[in-house]
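These values consider heavy atoms only, across backbone and side chains, with no hydrogens, waters or symmetry-generated copies. Chain letters run A, B, ... following the sequence lines, proteins first and then strands; every chain starts at 1.
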Amino acid sequence: SKKLLTKTFKVINKNFAQITATLFPQGRGHLELEYSRNPAERKAKIFVQPQGKQVKKLNLFSGGEKTLIMLALMFAIFMTRPSIFCILDEADAALDDENLSQFVKLIEKFKGKSQVLLISHNRKTFQSFEYIYGVTMRGGISKVFSLKVDE
Amino acid sequence: SKKLLTKTFKVINKNFAQITATLFPQGRGHLELEYSRNPAERKAKIFVQPQGKQVKKLNLFSGGEKTLIMLALMFAIFMTRPSIFCILDEADAALDDENLSQFVKLIEKFKGKSQVLLISHNRKTFQSFEYIYGVTMRGGISKVFSLKVDE
Amino acid sequence: MYLKKLHIKSFKGFGDKTEIQFYEGVGAFVGPNGCGKSNIIDAIKWCLGEQKVSELRGERMEDLIFTGSSLSQPHGFAEVEMIFDNSTKIFELPYQEVSIKRRLYRSGEMSYFMNGLASRLKDIHGLLENTGLADLSYSIIAQGKIDKMLSADDSERIILFEEAA
Amino acid sequence: MYLKKLHIKSFKGFGDKTEIQFYEGVGAFVGPNGCGKSNIIDAIKWCLGEQKVSELRGERMEDLIFTGSSLSQPHGFAEVEMIFDNSTKIFELPYQEVSIKRRLYRSGEMSYFMNGLASRLKDIHGLLENTGLADLSYSIIAQGKIDKMLSADDSERIILFEEAA
Ligand SMILES: Nc1ncnc2c1ncn2[C@@H]1O[C@H](COP(=O)(O)OP(=O)(O)OP(=O)(O)O)[C@@H](O)[C@H]1O
Ligand SMILES: Nc1ncnc2c1ncn2[C@@H]1O[C@H](COP(=O)(O)OP(=O)(O)OP(=O)(O)O)[C@@H](O)[C@H]1O
Ligand SMILES: [Mg+2]
Ligand SMILES: [Mg+2]
């Protein structure tokens, strides 16, 4: 129903603005909902403005900036309605060192809300968390070892 | 003409087999050309078999494996017909530490054949080469500094 | 409520039976290129009812069954089971644990199980309704897909918010 | 034969005139997310005649012109010039250096220059014929595009080999 959607959207937007303010220092982001009776015509637009920049179109942002926008959107929805788990498969691949730390901080903030499973080649990422699983392939067959790390 | 294409293809295939043998230890790779009078029906197929694996379809390979296959194809063509320069924009993003070293070795082998311009967030990659350019953004305006490094 | 165990049998590169024990908090998977990390995520998506084989990086459903290796012949069927902790009764069932299982034979025959009992895909969807896992588009960021997710049309994006409402 | 200099004026984030000096061998660009590294590659592709604005991550050609920032107003035109070393006479011209330049006004007016003389896109293509830069599909791996390049159809892929023949 319209009321429920606009109410939920408002909360997600507040969360999105909060997370983008951390991921883009002195920048800001917000979401806009264009409601219509016809579900196929409803739209949700994303606006982000990093500090000092005037760029408006999403596809003019860089690979790393798009990763941050996507993470902000995902976690904004998560804060409103957490799901049993969330999975991030090398979501940190395009990030520079500075943003890699932001990525780890964001996950640490959320790990109380729901279980997080992540895959990464960045030592800085996987060494920050308590349960590590090693995966290997021998003779064309995958094996998984649990390397439970002490806190 | 058919003769020229099949001759060039044979050389590229030989190069591809050689490079894939280095990138996939004990693995092998080859290319197949299906020629037809009608240019729209000509096909070039890629076959790679890492050690111990039976997988045939390209899209069942992993993100990192696809990067290696792509690099092998690009450099195989390059060996046959170098162009003035080649550009790699974060082509190493999906690679693990071991393959990152292979990536650097492959580029070092080619730098004599043509100029290479690359972008990377991996210290292991950019520290291996002699000319480094720092790019920054201040107040929404990009700046480039040359940090020419001694051999 | 969290994923407690994952059992994988002959799904993609898992030629040997694999059991993974999970915990609340963050679990990080590491390993060389091509060892099978993303295949674990594909196994989870498939078990939760994914119908599009392209979302699992295959061309036909058969591509999901272990095709053999230097050490072993191709297998006849693939099976993945997820066991959830249900102590907070997120699933409207009176059990401490809830299990979902999916099996696929080379013949194309597919079967679903809930707590060991044969069931339909519809039942699985019903079970997942209010858990955030009915529509995975916002719980999973697949490898290399961030660009694509962000360039989706403004009208496609609205589904995420509707799902959350 | 190599790219010796690149001059960028008001192309994407380059609000200030930028001159980059290149050398033979390998040049590595480093910098934080969003600082302008991939925009340098877009500038090179555009200068060599790229006609599809989607290949330059824009929606309209106008997106390529500096849209202003907190320090400056939007600019009226964008210009990129590439200066090649021609000592091995890779370009069939009697000069030691060969320059290609492209300029775009907000009005949509576009102009090309070869060694400072106004010319057409056709002339630029003619010049690039045997340098491997006429068709960039095999000289440039753009950010995040490896998956897409590899999943191209077998019949699309043949173009790479024909270009090399
Ligand atoms: N049906 C199948 N039978 C056997 N093996 C398969 C099958 N499908 C996929 N594989 C194996 O899975 C591998 C790819 O695994 P996956 O994509 O999970 O790697 P990854 O660990 O995510 O690597 P990366 O770090 O490069 O992303 C292939 O190389 C292949 O060996
Ligand atoms: N027309 C324009 N006018 C002004 N700035 C622009 C314009 N188009 C793009 N930009 C700027 O370019 C930035 C993106 O630059 P680019 O994609 O080159 O980053 P990058 O260095 O490659 O980053 P990453 O490491 O994340 O890939 C945008 O954030 C924006 O500030
Ligand atoms: Mg993977
Ligand atoms: Mg970039």
Pick one of side chain, backbone, both or neither for [X], based on which atoms fall under 4.5 Å of a heavy atom in chain A.
X        : value
C:Ser151 : neither
C:Ile159 : neither
C:Ile20  : side chain
C:Gln21  : backbone
C:Ile44  : side chain
C:Phe11  : neither

Using a cut-off of 6.0 Å, state whether more than 12 heavy atoms not belonging to [X] lie near its atom [atom1].
X        : atom1 : answer
A:Lys124 : NZ    : yes
A:Arg28  : CZ    : no
A:Lys56  : NZ    : yes
C:Tyr23  : OH    : yes

Gap separating the [atom1] atom of [X] from the [atom2] atom of [Y], nearest 0.5 angstrom:
X        : Y        : atom1 : atom2 : result
C:Leu136 : A:Ile87  : CG    : CD1   : 8.0 Å
C:Ile158 : A:Glu41  : CD1   : CD    : 12.0 Å
C:Tyr138 : A:Phe75  : OH    : CZ    : 11.5 Å
C:Glu24  : A:Lys111 : CD    : NZ    : 12.0 Å
C:Ile140 : A:Met74  : CD1   : CE    : 8.0 Å
C:Ile146 : A:Glu90  : CD1   : CD    : 10.5 Å

In terms of heavy-atom pairs under 4.5 Å with chain C, which of [options] leads?
options                             : result
A:Thr125, A:Asn59, A:Ile46, A:Thr80 : A:Ile46
A:Leu73, A:Leu31, A:Leu58           : A:Leu73
A:Phe9, A:Phe145, A:Phe61           : A:Phe9

Specify the closest pair of heavy atoms between [X] and [Y], including all atoms of both residues, with the distance to one decimal.
X        : Y        : result
C:Phe66  : A:Gly140 : CE1-O, 3.8 Å
A:Phe129 : C:Val26  : CG-CG1, 3.5 Å
A:Arg81  : C:Glu129 : NH2-O, 3.9 Å
C:Thr18  : A:Ser142 : OG1-O, 4.2 Å
A:Phe78  : C:Ser139 : CE1-CA, 4.2 Å
A:Val135 : C:Pro32  : O-CD, 3.5 Å

Reference residue C:Asp154; test side chain to side chain donor-acceptor pair (under 3.5 Å); the match among A:Arg42, A:Lys43, A:Lys45: A:Lys45
Short side-chain to backbone donor-acceptor contact, C:Ser69 and A:Ile141, under 3.5 Å: no
A:Gln115 side-chain N/O to C:Leu3 backbone N/O, donor-acceptor pair under 3.5 Å: yes
Check: A:Arg123 and C:Val30 side chains under 4.5 Å, non-hydrogen atoms: no
Note, C:Gln143 side chain near A:Ile119 side chain (heavy atom, < 4.5 Å): no
Against chain C, label [X] side chain, backbone, both or neither, depending on which of its atoms sit under 4.5 Å from a heavy atom there.
X       : answer
A:Ala40 : backbone
A:Ile12 : side chain
A:Ser83 : both
A:Ile84 : both

Largest heavy-atom contact set with chain A, pairs under 4.5 Å, which of C:Gly31, C:Gly25, C:Gly27: C:Gly27
When C:Met1, C:Arg157, C:Glu19, C:Met149 are compared by non-hydrogen pairs under 4.5 Å with chain A, the top option: C:Arg157
CA sep, side-chain torsions, deciding dist, call: C:Ile40, A:Val144, side chain to side chain contact (heavy atoms under 4.5 Å, CB included): CA-CA 10 Å; C:Ile40 295 171; A:Val144 180; 4.1 Å; yes
Pair C:Phe29-A:Tyr131, side chain to side chain contact (heavy atoms under 4.5 Å, CB included): steps then yes or no: CA-CA 9 Å; C:Phe29 287 82; A:Tyr131 302 108; over 6 Å; no
Parallel, tilted or perpendicular, as decided by the 30° and 60° cut-offs, for the rings of A:Tyr133 and C:Phe22: tilted
